[in-house]
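Reviewing the structure listed below.
Scope of the values below: all heavy atoms of this structure, side chains included, with no hydrogens, waters or symmetry mates.
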Amino acid sequence: MPTPLMEQYSAIKGRHPSEILLFRLGDFYEMFFEDAKIASSVLGIVLTSRSKGEAKIPMAGIPHHSSKSYINRLLKAGHRVAVCEQTEDPEEADGLVDRAVVRVITPGTLLEEGILDEKRNNYLAAVTPDGGLAWVDLSTGTFRLEPVAPTRLFDELVRLSPSETLVPSALEDADFASRVRLAAGGIVTPFHDWTFDRDNAYRTLTEHFEVKNLAGFGCEDAGPAVRAAGAALAYLKETQRGPIRHVTRIERCVADDRLFLDRQTQSALELTETMRGGGREGSLLWVLDRTATAMGARLLRDWVTAPLRSVEAIRARLDAVRELQGRDVQPLLKPICDLERVLAKVGANRANARDLAALHDTLAALAPVRALKFESPLLRALRVGEHADLHGFLAKAIADDPPPVLTEGGLIRAGFDADLDQVRSAARDGKGWLAEFEAREIRRSGISSLKVGYTQVFGYYIEITNVHKERVPADYVRKQTLKNAERYVTPELKEYESTVLGAEERSKKMEVEIFGRVRDRVAEDIPELQATARALAELDALASLARVAMENDYVAPEVDDSTAFDVRDARHPVLEKVLEEKFVPNDVVIESAKILLITGPNMAGKSTYIRQAALLALLAQMGSFVPAKRARIGVVDRIFTRVGSSDEIARGASTFMVEMNETANILNHATERSLIILDEIGRGTSTFDGLSIAWAVAEHIIEQIG
């Protein structure tokens, strides 16, 4: 016969069969049955049991105060975690304490510090087979959608590298889900089909943003992307079980606004991670990222993977970088916290007092940033808000150096709330009374060594050594016997204990309630604060590009709508940082023939040279200076690469097959404005056949594509 506790557990677990259920019992999260076995294996914790004999139930537990690291390991192992908390004070419970799941944690819905990588977004994506794509970062509030051609969907997933991707549950076992899993890299989660329905998705979005339609966001005609966005938002609401007030808007991305990079190009150019090992060091981002804030680092990563195509926008960024070369603005940005992620915690009701103290300090640090004067239009358009009212409010509300736990007290500054001050005063006055009581009892008993103390177990007591036990007043009641002393209480002391301890408990509960109101006040300003965060991130990313350009002797490229590619004394941006010896510059000049055929012995640097050309174009179009003496680069619409070889045995494709598929992709999608990098095309087969393929491909590119 199951106990009432296990009946409660079974009922809650029945509503979360696919998650590891963390069931709160006192200071521990306990797991039972199969969950306990999985947790024991993944986390390396002891598997014990509840009850004995035939009623034995497998059990494993983790401490509540250090649960983050355990949850992270469960997520990395591909599990979802349901957190079940005690929703009732055990002291006030009449029998079994009420419990409920307050949140389902998945790889794409993280908010926890220490688990998230501060320099990259943690995206939850949602996709549909007809080209619907949406992605949201719950930890920053960023929410975007984009209708893409179905053939480009998987390349976009490579660029975004989401931690979790939603697909309609009907497609869980289809080839589409397998391809999503291969491209996205994170876990793929089947989600209710009805959330991907156009009407349901549209209603979910408009109700959340409190609008009649999506025209104000430019998303009214975004087709299948709206369905994906609605499903993503529905998933957040289902897993979070609480407010997500920081998701304040949705942005539409337009493919024609940026340089499209397919998965092969992103990998071959090692934009954000290396091909061998997948590490950040040795990538282009590793060279460019000298940001002072986590917000700037995340934005710069976006710029690297999605360069611009508009000449105007590129020139505006270059002008800003040029101006910032003479300005040391980053020291002003260093005191600024990760504003985006603090606001996300505020919006989800998970910010603690230290988060709000960090927000207060950040608002105080904005004044010198706001005082900066710029000439370039892009920098002048950045709007860093003043937020004086909120700063003043937080200065009055939040105590200096508050604790991280909301239930310990010490959150709210004295003078902010009159009722709280009164209760605190009662507790303080009581402690003064205690000293007077001790002195009075010493005089009354004549025992100079008498002392008044306190323990959590026994409360307040009067301690008298055995030497003086004959002189103990008659109204003292024995409470505890020690080796050399006795402890007593009196009715007066018990009454004091009730008053003081009651006041301390009341003050702690009051502080939690008051802090909730303070947090709600901050939440009212989330949209304005997010606008400031975006401006700070852009300033930081631009300043990082300026710093890299100065330190590494980069030059501003001349970017236009021509098909020119004329770069003198060019260097590979990554290799010149990695190699200890001096890097030898080379010109990259593509003239009327529009093709360079490069030959030479092994290890002569051919692959480096052609990759270098692609990176120069990419740097120029993301608005960065380039490693060269002089550069003129016409805007390209796409960069294609066919570099390296690898068998994809899992997909049943040989080196030659992979090479031909990638080459076919280039021939089918390249235009006269594309930059194409081909390295030893045709080497996956015999010499004669390989040369024939290379010849035919080159002829087609020149004569048909142009």
- request: Test salt bridge (Lys or Arg N to Asp or Glu O under 4.0 Å) on Asp520 and Arg245 and set out the steps.
  value: CA-CA 10 Å; Asp520 287 343; Arg245 293 174 291 188; 3.1 Å; yes

message: Quick check on salt bridge (charged side-chain N to carboxylate O under 4.0 Å, His left out): which of Arg301, Arg280, Arg298 does Asp289 satisfy it with?
response: Arg280

Do [Y] and [X] meet the salt-bridge criterion of a basic N to acidic O distance under 4.0 Å?
| X | Y | result |
| --- | --- | --- |
| Arg24 | Glu85 | yes |
| Arg444 | Asp475 | yes |
| Glu497 | Lys494 | yes |

task: Please confirm whether Arg487 makes a cation-pi placement over Tyr461, using NZ or CZ under 6.0 Å from the six-membered ring centre and within 45° of the ring normal.
output: yes

task: Mark yes or no: Arg521 above the aromatic ring of Phe393, with NZ or CZ under 6.0 Å from the six-membered ring centre and no more than 45 degrees from the axis.
output: yes

[X] and [Y]: side-chain donor and acceptor closer than 3.5 Å?
| X | Y | value |
| --- | --- | --- |
| Ser139 | Asn122 | no |
| Glu238 | His192 | yes |
| Glu164 | Tyr235 | yes |
| Lys237 | His208 | yes |
| Thr142 | Thr140 | yes |
| Thr109 | Arg103 | no |
| Asp540 | Thr293 | yes |

message: Ring-plane angle category for Tyr488 and Tyr476, please: parallel below 30°, perpendicular beyond 60°, tilted otherwise.
response: tilted

Other residues, nucleotides, ligands: >12 heavy atoms within 6.0 Å of [X] [atom1]:
| X | atom1 | value |
| --- | --- | --- |
| Lys479 | NZ | yes |
| Gln422 | CD | no |
| Asp27 | CG | no |

message: Working note: Val101 + Glu19, criterion side-chain contact (heavy atoms from CB on, under 4.5 Å); need CA distance, chi angles, decisive distance, verdict.
response: CA-CA 11 Å; Val101 170; Glu19 286 94 33; over 6 Å; no

task: Would you check, one step at a time, whether the test ring-ring contact (aromatic ring centres under 6.0 Å, His included) holds for Tyr496 with Tyr460?
output: CA-CA 9 Å; Tyr496 159 82; Tyr460 285 98; 5.1 Å; yes

task: Tell me, please, which residues at least two apart from Val42 pass side chain to side chain contact (heavy atoms under 4.5 Å, CB included).
output: Ile38, Leu74, Ala77, His79

Nearest atoms (heavy-atom pairs only) where [X] meets [Y]:
| X | Y | result |
| --- | --- | --- |
| Ala395 | Arg413 | O-NE, 2.8 Å |
| Asn121 | Arg341 | CA-NH2, 4.2 Å |
| Pro331 | Pro335 | O-CD, 3.5 Å |

task: Supply the atom-to-atom distance Leu406 CG to Arg350 CZ, rounded to the nearest 0.5 angstrom.
output: 12.5 Å

task: Hey, could you give me the NE2/CG distance between His16 and Asp35, rounded to the nearest 0.5 Å?
output: 11.5 Å

- request: Run the numbers on Met59 and Met31 for side-chain contact (heavy atoms from CB on, under 4.5 Å), then give the verdict.
  value: CA-CA 6 Å; Met59 180 175 78; Met31 290 156 282; over 6 Å; no

- prompt: With distance as the sole test, does Glu511 use its side chain to make a donor-acceptor pair with the main-chain N or O of Leu411 at under 3.5 Å?
  reply: yes

field: Test item: Lys396 side-chain N/O and Ala414 main-chain N/O as donor-acceptor pair under 3.5 Å
entry: no

field: Residues Arg519, Asp355; criterion salt bridge (Lys or Arg N to Asp or Glu O under 4.0 Å); working and verdict
entry: CA-CA 10 Å; Arg519 188 167 56 192; Asp355 292 321; over 6 Å; no

- request: Tell me, with the steps shown, if Phe143 and Arg249 meet side-chain contact (heavy atoms from CB on, under 4.5 Å).
  value: CA-CA 7 Å; Phe143 192 10; Arg249 64 177 190 161; over 6 Å; no

